[in-house]
Amino acid sequence: MRSAAAARGLDVGVLRDRVAGQRADLLAYTAAYRAYVHPTDGLRGVTLAPFAVLAGRKASYANRDHGWHLALADRLCAADPEFFTVTRRQVVDLSDTEAVREATDWWLALTADGGEGMVVKPYAGPAARSDRGSLLQPGIKCRGREYLRIIYGPSYTEPARLAALRGRSLGRKRGLALREQGLGLAALDALADGAPLWRRHELVFAILACESEPVDPRL
């Protein structure tokens, strides 16, 4: 149709380029989500990638560092490699410029190969605190460019869309994450201490109440 219009002398160059760009975005979107879709037979084909063990009998493990948690997760993967998948990781000293560069290259290679991305966490563990004693952000998701099409739409990389996304305020979302983190740690302590069931439920319901806050889940 566009070729016929062009043959009649109509200027359809801008329209042609826009449609071609939209088609390319849709193809990229399809490729992104198809990487996460495959047939399964019951639990066959379903895998879990553990990265932390929250609690055991009369003990909360929130104060253990992530090295401890991942080492334990690796034992699960070794015991049942068909059901558990190893969580790949990089330990980075942020004061080491070369280490940061290597981690960045690792992330770029991971996402270029179809991986979703990575979660950056303080090595000290789920209950890590700052020098002032306040809880640190438990994790920051760093997703790859192509995976983000699944979340924000096929054409999210258009300059105007990117500008709008970059201009968002994330303070409320981060504050909510810290509140939920504090409540979750308190619930783990209550479980380890053998607190009454109502007390544990009270904390869990408080977390669920936080989830009802009107915050865009795509942030």
Side-chain angles (χ1 to χ4, degrees), residues 32-33 35-94 96 99-130 135-144 146-148 150-151 173-174 176-195 200 203-204 207-208 210-211 217:
Y33 82 74
Y36 297 90
V37 177
H38 58 272
T40 63
D41 179 12
L43 288 179
R44 288 185 177 274
V46 175
T47 58
L48 300 179
F51 54 84
V53 179
L54 296 178
R57 185 176 182 182
K58 297 183 179 180
S60 168
Y61 301 136
N63 288 315
R64 306 292 183 97
D65 64 45
H66 281 296
W68 182 90
H69 283 279
L70 287 169
L72 198 56
D74 287 344
R75 289 170 57 188
L76 285 173
C77 297
D80 191 348
E82 292 187 1
F83 188 60
F84 293 108
T85 299
V86 172
T87 297
R88 288 177 281 178
R89 77 293 306 253
Q90 292 278 322
V91 179
V92 181
D93 179 354
L94 296 181
D96 185 338
V100 172
R101 185 192 65 78
E102 290 177 357
T104 301
D105 290 342
W106 177 82
W107 176 81
L108 288 171
L110 174 70
T111 54
D113 194 38
E116 176 181 347
M118 65 180 178
V119 179
V120 178
K121 301 178 180 180
Y123 186 78
R129 294 181 177 273
S130 68
L135 280 174
L136 292 175
Q137 197 76 38
I140 302 292
K141 290 183 179 179
C142 300
R143 291 183 167 118
E146 294 309 310
Y147 185 88
L148 287 174
I150 302 174
I151 299 173
K173 183 73 172 181
R174 289 171 179 162
L176 182 62
L178 286 173
R179 289 198 299 275
E180 291 185 13
Q181 176 79 346
L183 289 166
L185 293 173
L188 289 175
D189 288 339
L191 175 65
D193 293 340
R200 287 176 261 167
L203 293 163
V204 172
I207 296 172
L208 293 175
C210 288
E211 287 294 317

Quick one: list whatever passes side-chain hydrogen bond (donor to acceptor under 3.5 Å, both in side chains) with [X], sequence neighbours left out.
| X | result |
| --- | --- |
| E146 | R149 |
| Q181 | none |
| D74 | R89 |
| D105 | R101 |

Give, for atom [atom1] of [X] and atom [atom2] of [Y], the distance between the pair rounded to the nearest 0.5 Å.
| X | Y | atom1 | atom2 | value |
| --- | --- | --- | --- | --- |
| I207 | R179 | CD1 | CZ | 12.5 Å |
| Y123 | L70 | OH | CG | 8.0 Å |
| E211 | E180 | CD | CD | 4.0 Å |
| L135 | L185 | CG | CG | 6.0 Å |
| C210 | L178 | SG | CG | 11.0 Å |

With a 3.5 Å distance limit and no angle check, can you tell me whether W107 reaches the backbone of C142 through a side-chain donor-acceptor pair?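 The answer is yes, because a donor-acceptor pair under 3.5 Å joins these two groups.
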Is there a donor-acceptor contact under 3.5 Å from the side chain of H69 to the main chain of Y61?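 Yes, the answer is positive, given that a donor and an acceptor are paired below the 3.5 Å cut-off.
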Minimal non-hydrogen separation, [X] against [Y], with atom names:
| X | Y | value |
| --- | --- | --- |
| A177 | Q137 | CB-NE2, 3.3 Å |
| P50 | A73 | O-CB, 3.5 Å |
| G139 | V119 | CA-CG1, 4.0 Å |
| L110 | G117 | CD2-O, 3.3 Å |

With [X] via ring-ring contact (aromatic ring centres under 6.0 Å, His included) - residues at least two apart:
| X | answer |
| --- | --- |
| F84 | none |
| F83 | none |
| W106 | none |

Residues in salt bridge (charged side-chain N to carboxylate O under 4.0 Å, His left out) contact with D41, at least two apart in sequence or another chain: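 D41 satisfies salt bridge (charged side-chain N to carboxylate O under 4.0 Å, His left out) with no other residue.
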Might you confirm whether atom CZ of F51 has over 12 heavy atoms from other residues, nucleotides or ligands at distances under 6.0 Å?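 For F51, atom CZ is not crowded (no more than 12 foreign heavy atoms under 6.0 Å).
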Partners meeting side chain to side chain contact (heavy atoms under 4.5 Å, CB included) with S60 (sequence neighbours left out):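 Partners of S60 under the side chain to side chain contact (heavy atoms under 4.5 Å, CB included) test: A62, L188, D189, A192.
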What residues form a side chain to side chain contact (heavy atoms under 4.5 Å, CB included) with A190, not counting sequence neighbours?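 By the side chain to side chain contact (heavy atoms under 4.5 Å, CB included) rule, A190 matches A195, R200, L203.
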Measuring only between side-chain heavy atoms, which start at C-beta, is [X] closer than 4.5 Å to [Y]?
| X | Y | value |
| --- | --- | --- |
| T111 | Y147 | no |
| P122 | D65 | no |
| Y36 | I150 | yes |

Could you list all the salt bridge (charged side-chain N to carboxylate O under 4.0 Å, His left out) pairs where at least one residue sits in residues 75-86, not counting sequence neighbours?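 Pairs touching residues 75-86 that pass the test: none.
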If you look only at pairs with a residue in residues 116-129, which of them pass as a salt bridge (charged side-chain N to carboxylate O under 4.0 Å, His left out), with sequence neighbours excluded?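 Sorted result for residues 116-129: E116-R143.
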